[in-house]
Amino acid sequence: MSWRSASSVGRRLVASGSSLAWRRSAAGAAGSGMGNGTSSSVGKSASTPVNQIQETISNNCVVIFSKTSCSYCSMAKKIFHDMNVNYKAVELDMLEYGNQFQDALHKMTGERTVPRIFVNGTFIGGAMDTHRLHKEGKLLPLVHQCNLKKKQEERS
Ligand SMILES: N[C@@H](CCC(=O)N[C@@H](CS)C(=O)NCC(=O)O)C(=O)O
Ligand code: FES
């Protein structure tokens, strides 16, 4: 595969206005060099993993459930990075309850693998699916649709 390593990937961060019980970790972000560093769950949220995932995907146009060590995840991030699209990366290997989140993702998407990628609140697949959508020219329209929706919401 021609995709490069994560070092150049996803330096732009999405807004951190999420109400998740996940703390942003500066060390995580710097260490991984991959988009948002999300670290341990503080475990204070009464919300279930499924609910927290749902909240995250409705608050962010692009969410990549990822692991810092995973090259497939880096590939997926690079697609969005190269399109100049902000994404939120949730690094499951940095979360105390990452396994539970992976179980929840399994329930929601039918697979437990990473990456699990959501655009505009909808599951679009893993790295290969995302790559395919991009090649077919279908990925950016999905993102634009979401950005437009967000802008309209802000105005109302
Ligand atoms: N075809 C899938 C491959 C996904 C996959 O095999 N992911 C591996 C890591 S590369 C995985 O999640 N393994 C189990 C785990 O890490 O929990 C895609 O394009 O995303
Ligand atoms: S590429 Fe090996 S863990 Fe994803």
Side-chain angles (χ1 to χ4, degrees), residues 1-18 20 22 24-25 28-29 31-39 41 47-95 97-153:
M1 232 163 289
S2 61
W3 286 329
R4 302 242 157 70
S5 80
S7 58
S8 65
V9 168
R11 263 169 273 109
R12 270 150 290 183
L13 302 180
V14 295
S16 60
S18 151
L20 281 179
W22 294 335
R24 176 191 289 259
S25 151
S32 70
M34 294 192 281
N36 286 2
T38 34
S39 71
S41 164
S47 187
T48 63
V50 169
N51 284 338
Q52 290 191 56
I53 289 166
Q54 262 152 3
E55 197 180 330
T56 309
I57 63 178
S58 56
N59 288 342
N60 299 278
C61 283
V62 179
V63 183
I64 304 177
F65 293 91
S66 167
K67 291 187 182 182
T68 56
S69 55
C70 172
S71 336
Y72 268 71
C73 301
S74 307
M75 292 171 190
K77 290 168 186 170
K78 182 165 164 45
I79 294 174
F80 291 101
H81 173 87
D82 289 350
M83 292 194 302
N84 246 328
V85 167
N86 288 332
Y87 58 84
K88 177 167 188 69
V90 178
E91 304 294 358
L92 296 167
D93 57 340
M94 297 288 140
L95 292 178
Y97 299 107
N99 259 322
Q100 270 125 288
F101 283 96
Q102 242 179 307
D103 290 341
L105 285 166
H106 189 181
K107 264 191 236 155
M108 295 168 75
T109 70
E111 297 249 27
R112 206 179 180 280
T113 55
V114 287
R116 304 273 82 197
I117 300 165
F118 294 78
V119 177
N120 199 4
T122 304
F123 176 64
I124 63 160
M128 289 309 164
D129 304 307
T130 302
H131 184 58
R132 195 182 322 115
L133 277 175
H134 182 43
K135 265 177 64 178
E136 293 169 355
K138 293 177 184 162
L139 192 54
L140 201 54
L142 284 180
V143 176
H144 280 160
Q145 215 180 335
C146 183
N147 288 338
L148 235 104
K149 192 178 77 189
K150 285 244 181 309
K151 269 188 203 138
Q152 279 160 359
E153 280 167 6

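- Between Cys73 and Ser66, the shortest heavy-atom contact is CB-OG, 3.2 Å.
- Closest approach of His81 to Tyr87, counting heavy atoms only: N-CE2, 4.5 Å.
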| Would Met108 and Arg116 satisfy side chain to side chain contact (heavy atoms under 4.5 Å, CB included), going step by step from the backbone distance to the final call? | CA-CA 10 Å; Met108 295 168 75; Arg116 304 273 82 197; over 6 Å; no

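- Here the shortest heavy-atom pairing between Gly126 and Ile117 reads O-CD1, 3.8 Å.
- The CZ atom of Phe101 sits 11.0 Å away from atom CG of Asp103, with the distance rounded to the nearest 0.5 Å.
- Evaluation of the salt bridge (Lys or Arg N to Asp or Glu O under 4.0 Å) rule for Glu153 yields no partner, not counting sequence neighbours.
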| said: Pair Gln152, Leu148 - check side chain to side chain contact (heavy atoms under 4.5 Å, CB included), show working. | reply: CA-CA 6 Å; Gln152 279 160 359; Leu148 235 104; 4.0 Å; yes

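- Using the six-membered ring where Trp is involved, Phe118 and Phe65 have ring planes that are perpendicular, over 60° apart on the 30 and 60° scheme.
- Annotation: the span from Asn120 atom CG to Lys149 atom NZ amounts to 4.0 Å, rounded to 0.5 Å.
- Listed here is the closest heavy atom pair of Val62 and Asn86: CB-O, 3.7 Å.
- Ion pairing between a basic and an acidic side chain is recognised when a charged N comes within 4.0 Å of a carboxylate O; Lys77 and Glu91 show such pairing.
- Taking CG of Asp82 as the start and CD1 of Ile79 as the end, the distance is 8.5 Å to the nearest 0.5 Å.
- Within a 6.0 Å sphere centred on NZ of Lys107, heavy atoms belonging to other residues, nucleotides or ligands number 12 at most.
- Partner Ile53 forms a side-chain contact (heavy atoms from CB on, under 4.5 Å) with one of Val90, Thr48, Leu105 and no other, that one being Leu105.
- Considering all non-hydrogen atoms of both residues, Lys138 and Leu142 come closest at O-CG, 3.4 Å.
- Heavy atoms only, all atoms of each residue included: Cys61 and Lys150 are closest at SG-CG, 4.0 Å.
- The closest donor-acceptor contact from the side chain of Asp93 to the backbone of Lys67 lies at 3.5 Å or more, if one exists at all.
- Between the CD atom in Gln54 and the CG atom in Asn59 there is a gap of 11.5 Å [rounded to 0.5 Å].
- Side-chain contact between Asp129 and Ile124 is absent, with no heavy atoms from C-beta onward closer than 4.5 Å.
- Of the candidates Leu92, Ile64, Thr130, Ile64 is the only one forming a side-chain contact (heavy atoms from CB on, under 4.5 Å) with Pro115.
- Distance NE2/His131 to CG/Leu139: 11.0 Å, rounded to 0.5 Å.
- Looking only at side-chain heavy atoms (C-beta outward), Tyr72 and Thr113 stay at 4.5 Å or farther from each other.
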